[in-house]
Amino acid sequence: MSWESIFKNIANIIQLITMIGPIIDFVEAQFKRFFPDKKMGSLKKQAVTSQVILMTGGDVPVKIVEEMIDGIVDEKNKSGEFTHTNPGTDVSMSGP
C-alpha cells in the first residue's frame, strides 16, 4: 500500500466522520420533535445509516458506517450533549 493510498483512506475517513455528525444531530432533533420521550435508538440509527449510505453511493460498508455512528453517539452521550430526558428513555443510536 502506497503512502498516497494511505492518505487517501485517512482523508475519506475524516470526510465520513464530518458528514455523519450533522446527520446524527438532524435525526436526533427530528425524533425529539415528533416523538418526544420515546425510546427509538435503533430507528434513529437506521435513519442515519440509510442517509449516509445514500450520500456515499454505497461505497462504504454498512458495518463501518454503523460503527462510526455508534462511536460518535457514544461521545455525545459521554459529553452530555445527548441526555436522557426520562429514566429509561434511550437517546442513543445504538438501540435499546
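Residues: numbered from 1 along the sequence shown.
Of the charged side-chain nitrogens involved, at least one lies within less than 4.0 Å of a carboxylate oxygen, so that E67 and K63 count as a salt-bridged pair.
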Should N12 and K8 be marked as a side-chain contact (heavy atoms from CB on, under 4.5 Å) after you check the CA-CA gap, both sets of side-chain angles, and the distance that decides it?
CA-CA 6 Å; N12 288 341; K8 184 176 180 184; 4.0 Å; yes

Between K45 and D70, does a side-chain contact (heavy atoms from CB on, under 4.5 Å) hold up when you go through it step by step?
CA-CA 8 Å; K45 183 177 179 179; D70 288 341; 3.0 Å; yes

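V52 and L54 fall into different hydrophobic clusters, where Ile, Leu, Val, Met, Phe, Trp and Tyr side chains are chained together by heavy-atom contacts under 4.5 Å.
Pairs engaging residues 4-29 under the ring-ring contact (aromatic ring centres under 6.0 Å, His included) rule: W3-F7 [sequence neighbours left out]. Applying the ring-ring contact (aromatic ring centres under 6.0 Å, His included) test to every pair with at least one member in residues 42-68, sequence neighbours left out, gives no pairs at all.
Rounded to the nearest 0.5 angstrom, I24 CD1 and E75 CD are separated by 11.5 Å. Note: Q46 CD to E66 CD = 8.5 Å, rounded to the nearest 0.5 Å.
Within the 4.5 Å cutoff, the side chain of T56 has heavy atoms near those of the M19 side chain. Within the 4.5 Å cutoff, the side chain of D25 has heavy atoms near those of the F82 side chain. Between V48 and K44, every side-chain heavy-atom pair lies at or beyond the 4.5 Å cut-off. In this structure the side chain of I13 reaches within 4.5 angstrom of the side chain of M68, judged on heavy atoms. A 4.5 Å side-chain heavy-atom check between F31 and L43 finds at least one atom pair inside the cut-off.
The two residues L16 and V60 make their nearest non-hydrogen contact at CD2-CG1, 3.8 Å. The shortest heavy-atom contact between G21 and I72 is N-CD1, 4.3 Å.
In this structure, Q15 places its CD atom where only 12 or fewer heavy-atom neighbours from other residues, nucleotides or ligands lie under 6.0 Å away.
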